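Down below is the structure, laid out as structure tokens.
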Amino acid sequence: MAGSERSPRIGERIAYHRRIARLTQQRLADTSGIALGTIRKIERGERGASESTLDRIADALHIDPVHLHGTPERGETRVHHAMRQLSGILACHEDPDDRAFDSPSALRARVEKMTAHRLAARYTPISRQAPELLEELFRAFHTSSHGDRKSTGKLLVMALRSADAVAYKHRALDLSARLIDTMRWTADRVGDPLLAGMVAYVRTETFFATETHTAGLRALERAIDLSPSPTTADSTASLGALHMRAAVIAGRSRNSTAAGAHISEARELADRVPEGVYNGTAFGPHSLRIHEISLAVSLGDGHAHRALEISREWRPPSGTLPERHSSFHIELARAQLWAGRPGEAFDSLKAARRVAPQHTREHPWVREDVATLRRLRRGSAEELTRFATWCEAGG
């Protein structure tokens, strides 16, 4: 098999993670789309596995492919290559070539699949799919009729958002900012206020990354003022998500008055809709609770008690989106560390890794907190060292 890696350890890792996921070999074969005989031979070390095969198996197991081939550099190389491709695509997005592109229904299915990867915090398959899909979507957008422009533009914005998730999580902040600017460029030409609200929500990443929290709060409050009235589930969730994010960034700027006002508005709106994904953003009572934890952490260690109180009363239910779920544990870990509970903090970080390994591994707070735990020399030094190596933490 050209370009394949053959090692008994890879087969052992696949078998281990398959058992952890409680899947039979047949179920793994069905889910990954790989022949049962091939799965058996790979697990026995009798056959190599290409990177694309490992990616498909990892997707089926809901884990980072790094866990299978054991070399983080491979995943990083693929992501960085994709980011270089994305930079080139953005450079000429206003003048795409005239090659063919998929049908509208096929493009929609591909965007929905990539969005599902984003919501599940699986960034490797996004990096594999995003460049080609974005090229086709730019061609489709520029050649679309007036009647089709809104639907095609929405697909383009959703695909750009998924690509931005990879760039932002891997700290390619310049590329992230360019992707978000292109999302704004597209949304302006579509004229959909809910799409504009979603872009404003995502744009807050730029303000978080540059620690320009006061400016970020102003931008979100302008978006809130321009939002349509919350008369439908989608418009209610859109406005609620903006208030939810405004509360957190107000907390980062230590503006407790604004933070309290926005979280109260978000809470009232969250009570009106069931938990769900609206225009690509999760919103509802569970997301609100997770953001209340985030707000407590944003306001500083003097507010850690509030995060701990929420965690004693409530935990994310089964079915919570992996990125939201892991964020709960990551934020809680920081509050526990501030409260002098390092053992509980490490348990929370391990829970975050189980839920969404790629999101956890790329989160800067995880690296900072693991480095702090190592300096405190609490818990198993060997286990902490393994975790620190996995997430590339210093200390």
Side-chain angles (χ1 to χ4, degrees), residues 119 157 161 180 183-184 187 192-208 211-300 302-311 313-317 320-321 323-325 327-328 330-332 335:
L119 294 171
V157 169
R161 182 176 183 180
I180 292 170
M183 289 171 65
R184 295 173 69 195
D192 180 345
L194 294 182
L195 197 61
M198 186 264 276
V199 174
Y201 178 94
V202 178
R203 186 188 175 209
T204 312
E205 293 174 354
T206 302
F207 298 107
F208 280 132
E211 298 186 1
T212 50
H213 303 127
T214 301
L217 178 59
R218 287 198 304 269
L220 279 170
E221 289 179 337
R222 282 195 298 272
I224 287 168
D225 289 341
L226 293 171
S227 293
S229 298
T231 55
T232 65
D234 280 343
S235 60
T236 299
S238 176
L239 183 59
L242 289 171
H243 276 296
M244 200 166 64
R245 197 144 226 198
V248 174
I249 204 163
R252 296 278 180 94
S253 65
R254 300 298 191 267
N255 187 339
S256 58
T257 300
H262 283 296
I263 203 69
S264 293
E265 292 283 353
R267 188 180 297 112
E268 191 273 329
L269 292 163
D271 287 340
R272 297 195 208 172
V273 295
E275 183 71 27
V277 178
Y278 303 87
N279 284 307
T281 301
F283 184 73
H286 305 323
S287 290
L288 190 281
R289 284 283 191 161
I290 293 169
H291 276 72
E292 286 182 319
I293 294 264
S294 182
L295 173 56
V297 173
S298 293
L299 287 168
H303 297 263
H305 67 280
R306 177 58 184 151
L308 300 177
E309 286 173 2
I310 294 170
S311 71
E313 300 166 357
W314 179 86
R315 292 279 168 147
T320 300
L321 291 172
E323 185 168 329
R324 281 272 194 264
H325 199 158
S327 292
F328 167 85
I330 292 167
E331 305 270 5
L332 179 58

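It should be emphasised that the depicted structure is a prediction, and the values quoted were computed from it without experimental measurement. We're numbering straight along the sequence, starting at 1.
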One should read off an interatomic distance between Ile293 CD1 and Ile310 CD1, to the nearest 0.5 angstrom, of 4.5 Å

For Glu221, the salt bridge (Lys or Arg N to Asp or Glu O under 4.0 Å) test, sequence neighbours excluded, returns none

Ser227 meets the side chain to side chain donor-acceptor pair (under 3.5 Å) criterion, sequence neighbours left out, with none

Taken to the nearest 0.5 Å, the spacing of Thr214 OG1 from Phe207 CZ works out to 11.0 Å

In this structure, CG of Asn255 is separated from OG of Ser298 (nearest 0.5 Å) by 12.5 Å

Residues passing the salt bridge (Lys or Arg N to Asp or Glu O under 4.0 Å) test with Arg222, sequence neighbours excluded, are none

Quick note, side chain to side chain donor-acceptor pair (under 3.5 Å) partners involving residues 236-250, not counting sequence neighbours, are His243-His262

Ser294 meets the side chain to side chain donor-acceptor pair (under 3.5 Å) criterion, sequence neighbours left out, with Glu331

The salt bridge (Lys or Arg N to Asp or Glu O under 4.0 Å) partners of Arg289 (sequence neighbours excluded) come to Glu313

Quick note, salt bridge (Lys or Arg N to Asp or Glu O under 4.0 Å) partners involving residues 228-243, not counting sequence neighbours, are none

dist Leu299:CG -> Ser253:OG (nearest 0.5 Å) comes out at 9.0 Å

Kindly list each side-chain donor-acceptor pair under 3.5 angstrom involving residues 194-201, sequence neighbours excluded, with atom names and distances?
{"unit_1": "Tyr201", "atom_1": "OH", "unit_2": "Arg324", "atom_2": "NH2", "d": "3.4"}

For residues 269-282, the side chain to side chain donor-acceptor pair (under 3.5 Å) pairs (sequence neighbours left out) are Lys154-Asn279, Arg161-Thr281, Glu268-Arg272, Glu275-Ser287

- [ ] Report the relative orientation of the aromatic rings in His325 and Phe328; use parallel for angles under 30°, tilted for 30 to 60°, perpendicular for over 60°.
- [x] perpendicular

CG (Leu220) and OG1 (Thr204) are apart, to the nearest 0.5 Å, by 3.5 Å

Taken in chain and number order and not counting sequence neighbours, the residues that satisfy salt bridge (Lys or Arg N to Asp or Glu O under 4.0 Å) with Arg267 are Glu292

When rounded to the nearest 0.5 Å, the distance separating CG of Leu269 from CG of Leu239 is 5.0 Å

Contacts of Thr232 meeting side chain to side chain donor-acceptor pair (under 3.5 Å) (sequence neighbours excluded), chain-then-number -> Ser235

Scanning both residues in full, the closest heavy-atom pair of Leu288 with Ala266 reads CD2-CB, 3.7 Å

Applying side chain to side chain donor-acceptor pair (under 3.5 Å) to Arg203 and not counting sequence neighbours gives none

